[in-house]
Amino acid sequence: MNCVEALYIWFQLIDGEKRPVAGQAAQMQSQTSGHGGQSQSQGQAVAIFTDAELESALLLAVVSPNVPGLARQQQHLVRIAGQLHERFSVDNWRALNRMVQPAARPGERPSQSEVMTILDDAASALMTLAGFALDGMTRDLGWRFMSIGRRLERLQFQSLVLQRALAMNENGNLEWLLELSDSIITYRARYRAQPEWLPVLDLLLRDGTNPRSILFQMDGILGALRKIAQTHGACGVELLEPLRAKVLALEPDANLNYANAHLSDLLNRIQVASAALSEQISVQFFSYTDGQQRSPRSSVLCFLTVRLARFARGIGWCMRRGIGIRAR
């Protein structure tokens with residue numbers, strides 16, 4: 001779950017060098033609350049929460065199925081897995097059952113240490129399930145849909161995150177952006193310097209070798225769509241292909257800089273196009289037609305597994321660093 005990876009960063013902005021400058025906290029909070037729908041309009045007021053409110057919301061997101069978070073996603077995973085019982089090995093079921101054990105005592109708010117134990121166990125189980133999918137899943141239509149879904153989610157999220165970053169304070173610390181994009185180690189290995197706008201944007205936008213970059217997601221999606229089109233007809237390549245060309249055409253000195261209007265507009269178009277592509281694929285392949293359901297549920301299960309793994313990893317990072325955003 002990408003919005004939780006944003007929450008992930010909230011706890012890192014604490015006590016010292018990674019505390020956001022004025023305006024950056026509001027941008028981060030706006031990004032967190034805005035994911036999952038259309039981006040918020042510019043100028044819209046952003047609510048600022050206290051540390052206690054943020055901590056309470058994070059703890060609840062881990063253990064309560066009544067709010068978006070780990071427990072709710074686990075419920076969805078178990079429900080879909082139950083419909084695919086015959087396709088699961090004993091090892092798959094063992095990992096799944098270990099993950100969905102009761103997270104906390106009903107009616108009690110868990111402590112931070114209890115939450116960390118829950119997340120550590122969930123992360124281990126989810127990595128196991130993801131490994132089963134990676135090593136044992138047939139590379140058929142279901143596999144391609146799983147790959148497309150994962151990349152579409154990352155593409156939409158990364159586009160939104162970069163838009164928020166471009167709108168923050170020019171002198172804001174960019175480490176949160178690299179860590180949220182899981183690219184901080186790559187950046188440090190290449191540049192061995194403090195993050196700057198041009199190299200950061202180049203790494204997260206146009207680097208085809210970075211598995212979190214915009215270009216990498218586009219290439220993966222388009223490649224899978226072309227293979228599907230060979231047997232099932234056109235399925236949305238035309239929505240992303242022109243935008244991929246525009247990403248490659250970006251001029252580093254002219255476009256990869258703070259508050260660049262052309263870049264912000266392109267990122268918004270990518271976000272909108274990826275949402276439209278997701279909808280087109282859903283209608284074309286995951287709908288009821290002639291009384292038969294065409295949805296490969298196994299790919300949905302694998303996709304949920306990937307999202308849960310990222311959720312657990314993100315919340316775990318949050319909780320290990322405490323809350324450091326000052327309320328206004």
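In the hydrophobic clustering of this structure, Phe216 does not group with Leu266; members are Ile, Leu, Val, Met, Phe, Trp, Tyr whose side-chain heavy atoms approach within less than 4.5 Å, directly or through other members. With hydrophobic clusters built from ILVMFWY side chains whose heavy atoms lie under 4.5 angstrom apart, Phe132 does not share a cluster with Val90. Both Tyr258 and Leu178 sit in one connected hydrophobic cluster of ILVMFWY residues. Membership requires side-chain heavy atoms under 4.5 Å apart, directly or through other members. Tracing side-chain contacts under 4.5 Å through hydrophobic residues (I, L, V, M, F, W, Y), one never reaches Val63 starting from Val67; they form parts of separate clusters. A continuous path of ILVMFWY side-chain contacts below 4.5 Å connects Phe286 to Ile148, so both sit in one hydrophobic cluster.
A distance of 10.5 Å separates CG of Leu152 from CE of Met218, quoted to the nearest 0.5 Å. Taken to the nearest 0.5 Å, the CZ atom of Phe145 stands 6.5 Å off from the CD1 atom of Ile281. For the atom pair Asp219 CG and Leu240 CG, the distance stands at 10.5 Å (nearest 0.5 Å). In this structure, the separation between CG on Leu204 and CG on Leu256 is 10.5 Å, given to the nearest 0.5 Å. To the nearest 0.5 angstrom, Arg269 atom CZ is 12.0 Å from Leu239 atom CG. Rounded to the nearest 0.5 angstrom, Arg150 CZ and Leu155 CG are separated by 14.0 Å.
Here the closest heavy-atom approach between residue Leu166 and residue Trp197 is recorded as CD2-CZ3, 4.0 Å. Across all their heavy atoms, Arg206 and Leu248 have their closest contact at NH1-O, 3.4 Å. Nearest heavy atoms, Ala229 versus Cys235: N-SG, 4.3 Å. Of all heavy-atom pairs spanning Ala95 and Ala125, the tightest one is O-CB, 3.6 Å. Heavy-atom minimum distance, Gln284 versus Ala234: NE2-O, 3.1 Å. Of all heavy-atom pairs between Asn260 and His262, the closest is OD1-N, 3.2 Å.
Side-chain contact check for Leu141 versus Thr231: every heavy-atom pair is 4.5 Å or farther apart. Looking only at side-chain heavy atoms (C-beta outward), Gln73 and Leu77 stay at 4.5 Å or farther from each other.
Around CZ of Arg139, the count of heavy atoms belonging to other residues, nucleotides or ligands within 6.0 Å exceeds 12.
Although no hydrogens or angles enter the test, the distance criterion places a donor-acceptor pair under 3.5 Å between the side chain of Ser213 and the main chain of Asp207. The backbone N or O of Leu177 lies less than 3.5 Å from a partner atom in the side chain of Ser181, making a donor-acceptor pair. Put simply, the side chain of Gln156 never gets that close to the backbone of Arg151: no donor and acceptor are under 3.5 Å apart. Using a distance-only test at 3.5 Å, with no hydrogens or angles considered, a donor-acceptor pair links the side chain of Asp140 to the main chain of Trp143. With Ser278 contributing its side chain and Ser274 its backbone, the two residues share no donor-acceptor pair below 3.5 Å. Between the side chain of Tyr187 and the main chain of Gln194, a donor-acceptor pair closer than 3.5 Å is present. Between the side chain of Gln158 and the main chain of Leu205, no donor-acceptor pair closer than 3.5 Å is present. Asn255 places no side-chain N or O within 3.5 Å of a backbone atom of Leu250 that could act as its donor or acceptor partner. Between the side chain of Arg144 and the backbone N or O of Leu225, no donor-acceptor pair lies under 3.5 Å. Judged by distance alone, the side chain of Arg212 and the main-chain N or O of Ser183 form no donor-acceptor pair under 3.5 Å.
Ring geometry for Phe285 versus His232: interplanar angle over 60°, hence perpendicular rather than tilted (30 to 60°).
A side-chain N or O of Gln271 and one of Gln163 form a donor-acceptor pair less than 3.5 Å apart.
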Worksheet entry | Derivation of the side chain to side chain contact (heavy atoms under 4.5 Å, CB included) call for Gln74 and Leu70 | CA-CA 6 Å; Gln74 285 177 330; Leu70 178 63; 4.0 Å; yes
Worksheet entry | side chain to side chain contact (heavy atoms under 4.5 Å, CB included) between Val237 and Arg244, worked out | CA-CA 11 Å; Val237 170; Arg244 179 186 181 276; over 6 Å; no
Item to complete: Start with the C-alpha gap between Phe157 and Leu180, add the side-chain angles, then the distance that decides, and say whether side chain to side chain contact (heavy atoms under 4.5 Å, CB included) holds.
Response: CA-CA 10 Å; Phe157 182 71; Leu180 183 57; 4.0 Å; yes
Practice prompt. May I have the step-by-step check of side chain to side chain contact (heavy atoms under 4.5 Å, CB included) for Val161 and Trp176, ending in yes or no?
Written response: CA-CA 11 Å; Val161 167; Trp176 71 266; 4.2 Å; yes
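For Arg190 and Asp202, the salt-bridge test fails: no basic side-chain N is under 4.0 Å from an acidic carboxylate O.
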